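Structure first, then comments.
All of these numbers come straight from a predicted model, not from anything done at the bench.
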Amino acid sequence: MYVYMGHMAYENTKPYEDFFWKKNKIDLVFDHVEKVETGVKSLHLKSGNRIDFDTLIIATGSRSNKFGWPGQDLQGVHCLYSYNDLLLIEGDTKRTNHAVIVGGGLIGIELAEMLLSRNIKVTFLVREADFWNNVLPLEEANLISRHVRSHHVDLRLLHELQAIQADEGGCVKSIVTHSGEVIECQFVGLTVGVSPNIEFLKNSGIEIKKGVLVNEYLQTSVRDIFAIGDCVERTYDLPGRRTIEQVWYTGRMMGEVVAQTICGEMTKYEPGPWFNSAKFFNIEYQTYGNVWPTLNPEEEDFYWEHPSGLKAMHIVWNKSSLQFLGINTFGIRLRHECFDRWLREKRDVTFVMENLREANFDPEFFTRHEDEIVKSMVLKFPFLNLQHPHKLLQK
Ligand SMILES: Cc1cc2nc3c(=O)[nH]c(=O)nc-3n(C[C@H](O)[C@H](O)[C@H](O)COP(=O)(O)OP(=O)(O)OC[C@H]3O[C@@H](n4cnc5c(N)ncnc54)[C@H](O)[C@@H]3O)c2cc1C
């Protein structure tokens with residue numbers, strides 16, 4: 001998105017300088033694996049070439065979902081995943097005045113921000129009653145909806161795409177919603193989630209379901225073949241974690257784990273407490289531990305929102321043991337290492353609130369809000385018996 005918006009050059013998105021690969025004796029091959037022959041340990045490439053392997057690590061990421069809508073492959077309909085998608089978007093938005101984005105998640109909101117940066121009018125169709133409500137609790141979903149609308153996005157909750165219609169030239173001219181409303185547009189962004197990119201593994205003998213199935217060493221069902229990143233589906237449970245996790249952080253951790261194993265140090269994938277971060281227009285979002293969209297019966301929560309509607313914090317703990325379970329924060333930066341440690345140490349919520357200042361990671365001269373947050377929490381939960389709330393507030 002930042003390349004499209006002119007904040008970065010394409011070169012700045014490369015993880016390493018071009019000389020890195022050769023220097024580190026890594027052969028970069030620009031080709032497409034079409035088939036994996038596990039019996040003879042060989043890859044068939046689109047170019048017709050083959051590569052034999054001793055160990056294979058599958059890291060083929062995701063592909064954007066499309067759900068069979070009429071018109072979904074017309075000129076002017078785009079997903080946002082790869083650099084190639086970006087180039088196609090760049091080409092088509094030159095002739096776009098009005099765009100419709102379908103699907104309210106992180107990629108949809110990024111695409112909305114991109115298009116607005118080119119003065120393109122954006123209508124955003126979200127099937128659910130609240131924005132990203134399979135992840136965000138209602139308070140946060142409302143905060144983000146208000147923020148999106150404040151950027152002049154025409155956000156339509158409870159709206160579904162029915163079909164995309166073409167002009168005589170085969171380009172997008174409008175969409176039709178489930179209620180029959182026709183919205184004229186020259187661009188449609190389909191941002192309705194991603195799925196593991198594993199089509200090419202069918203019939204390879206490697207077990208797949210939604211993703212490539214792996215055990216705790218990230219080994220697939222076939223010896224010497226591992227999988228990491230977005231394309232992985234874990235066959236075992238980890239508390240508070242989904243079996244498919246399509247975020248950058250988990251991919252990196254999985255890579256580190258498999259590197260240990262193939263270098264002779266069998267290492268389990270134990271990612272610890274969940275964390276993630278993103279940005280919704282001007283609002284930075286971080287989450288540590290688990291703040292589920294709906295509170296579990298054994299959980300208690302406290303939500304604080306700044307009158308500006310641009311900052312918020314949501315804290316969840318266990319009702320009986322007071323063990324801290326998770327935090328969402330908007331517009332206030334918190335240190336990952338503090339929350340990771342406190343979650344691993346199973347600290348209680350009073351400890352977390354008494355030490356909230358230590359976790360703040362806002363830039364210098366940013367207004368601090370820990371006092372307000374703690375004060376309003378003490379008012380709502382006097383029985384929490386924050387041991388030294390006054391001392392805390394005087395720090
Ligand atoms: C717009 C957008 C915004 C995102 N923002 C965030 C964010 O803020 N935070 C976050 O944590 N995550 C974010 N993500 C998710 C994050 O990008 C992914 O989780 C991460 O890139 C997954 O890494 P990966 O290595 O598993 O797969 P990828 O990065 O997708 O890499 C897969 C690679 O495999 C190649 N490949 C695929 N099939 C084949 C084949 N058959 N043969 C050869 N090569 C093949 C692909 O071309 C690609 O180079 C975002 C994703 C998108 C699309």
Item to complete: Determine whether more than 12 heavy atoms belonging to other residues, nucleotides or ligands lie under 6.0 Å from atom CZ of F361.
Response: no
Worksheet item: How would you list all residue pairs meeting side chain to side chain donor-acceptor pair (under 3.5 Å) that involve residues 223-235, not counting sequence neighbours?
Response: K41-D224, S62-D230
Worksheet item: For D54, what residues pass the side-chain hydrogen bond (donor to acceptor under 3.5 Å, both in side chains) criterion, not counting sequence neighbours?
Response: none
Worksheet item: Going by an N to O cut-off under 4.0 Å, is there a salt bridge joining R347 and E345?
Response: yes
Worksheet item: Does the pair E300/K380 count as a salt bridge with the N-to-O cut at 4.0 Å?
Response: no
Worksheet item: Is the number of heavy atoms from other residues, nucleotides or ligands within 6.0 Å of CZ (R146) greater than 12?
Response: yes
Practice prompt. Evaluate whether atom NE2 of H152 has more than 12 neighbouring non-hydrogen atoms of other residues, nucleotides or ligands under 6.0 angstrom away.
Written response: no
Practice prompt. Count the heavy atoms belonging to other residues, nucleotides or ligands that lie under 6.0 Å from CG of D237, then report whether that count exceeds 12.
Written response: no
Item to complete: Tell me, please, which residues at least two apart from F200 pass ring-ring contact (aromatic ring centres under 6.0 Å, His included).
Response: none
Discussion item. Grouping I, L, V, M, F, W and Y whenever their side-chain heavy atoms are under 4.5 Å apart, do V102 and I175 come out in a common cluster?
Written reply: yes
Response to the item:
Contacts of F275 meeting ring-ring contact (aromatic ring centres under 6.0 Å, His included) (sequence neighbours excluded), chain-then-number -> Y249, H336
Worksheet item: Around atom CD of E298, are there more than 12 heavy atoms of other residues, nucleotides or ligands at under 6.0 Å?
Response: yes
Discussion item. If the test is side-chain hydrogen bond (donor to acceptor under 3.5 Å, both in side chains), which one of D92, T93, T191 qualifies with H78?
Written reply: D92
Item to complete: Can you see which heavy atom on R63 is nearest to which on P196, and at what distance?
Response: NE-O, 4.2 Å
Worksheet item: Would you call K94 and E90 a salt bridge, taking side-chain N to carboxylate O under 4.0 Å as the test?
Response: yes
Discussion item. Is there a ring-ring contact (aromatic ring centres under 6.0 Å, His included) between W304 and F330? Walk through the geometry before answering.
Written reply: CA-CA 10 Å; W304 171 89; F330 293 79; over 10 Å; no
Discussion item. Which heavy atom of D130 sits nearest to which heavy atom of A141, and what is that distance?
Written reply: CB-CB, 3.8 Å
Worksheet item: Is the number of heavy atoms from other residues, nucleotides or ligands under 6.0 Å of N24 CG greater than 12?
Response: yes
Practice prompt. Could you check whether the rings of H369 and H306 sit parallel, tilted or perpendicular, using 30° and 60° as the cut-offs?
Written response: perpendicular
Practice prompt. Please list, chain by chain and in numerical order, all residues satisfying ring-ring contact (aromatic ring centres under 6.0 Å, His included) with H98, sequence neighbours excluded.
Written response: none
Worksheet entry | Pi-cation contact, F124 with R149 (under 6.0 Å, within 45°) | no
Worksheet item: Is I120 reachable from L86 through a run of hydrophobic residues whose side-chain heavy atoms are each under 4.5 Å from the next?
Response: yes
Discussion item. Determine whether D31 and S47 satisfy the following criterion, side-chain hydrogen bond (donor to acceptor under 3.5 Å, both in side chains), listing intermediate values before the conclusion.
Written reply: CA-CA 7 Å; D31 211 326; S47 60; 2.3 Å; yes
Could you list the donor-acceptor pairs under 3.5 angstrom formed by side chains in residues 131-140, with sequence neighbours left out?
| unit_1 | atom_1 | unit_2 | atom_2 | d |
| --- | --- | --- | --- | --- |
| E140 | OE1 | H314 | ND1 | 3.0 |
| E140 | OE2 | H314 | ND1 | 2.9 |
| E140 | OE2 | N328 | ND2 | 2.9 |

Worksheet item: Hey, what else clusters with V40 if you join Ile, Leu, Val, Met, Phe, Trp, Tyr whenever side-chain heavy atoms sit under 4.5 Å?
Response: none
Item to complete: Mind jotting down which residue pairs meet the salt bridge (Lys or Arg N to Asp or Glu O under 4.0 Å) criterion with at least one end in residues 307-336? Sequence neighbours excluded, please.
Response: E284-R333
Worksheet item: In terms of the angle between their ring planes, are H147 and F281 parallel, tilted or perpendicular, with boundaries placed at 30° and 60°?
Response: perpendicular
Fill in: Test side-chain hydrogen bond (donor to acceptor under 3.5 Å, both in side chains) applied to N84 and S82, step by step
CA-CA 5 Å; N84 197 42; S82 63; 5.2 Å; no
Fill in: ring-ring contact (aromatic ring centres under 6.0 Å, His included) against F67, all qualifying residues, sequence neighbours excluded
W69
Discussion item. Per the ring-ring contact (aromatic ring centres under 6.0 Å, His included) rule, what does the pair list look like for residues 26-49, sequence neighbours excluded?
Written reply: none
Discussion item. One pair to check against side-chain hydrogen bond (donor to acceptor under 3.5 Å, both in side chains): N318 and S320. What are the steps and the verdict?
Written reply: CA-CA 6 Å; N318 182 289; S320 45; 3.0 Å; yes
Worksheet item: Hey, are R50 and E37 close enough for a salt bridge, meaning a charged N less than 4.0 Å from a carboxylate O?
Response: yes
Practice prompt. Check whether more than 12 heavy atoms from other residues, nucleotides or ligands sit under 6.0 Å from atom CD of E160, and answer yes or no.
Written response: yes
Worksheet item: By salt bridge (charged side-chain N to carboxylate O under 4.0 Å, His left out), which residues pair with E181, not counting sequence neighbours?
Response: R156
Discussion item. Suppose the criterion is salt bridge (Lys or Arg N to Asp or Glu O under 4.0 Å): which pairs have a residue in residues 13-30, not counting sequence neighbours?
Written reply: K14-D18
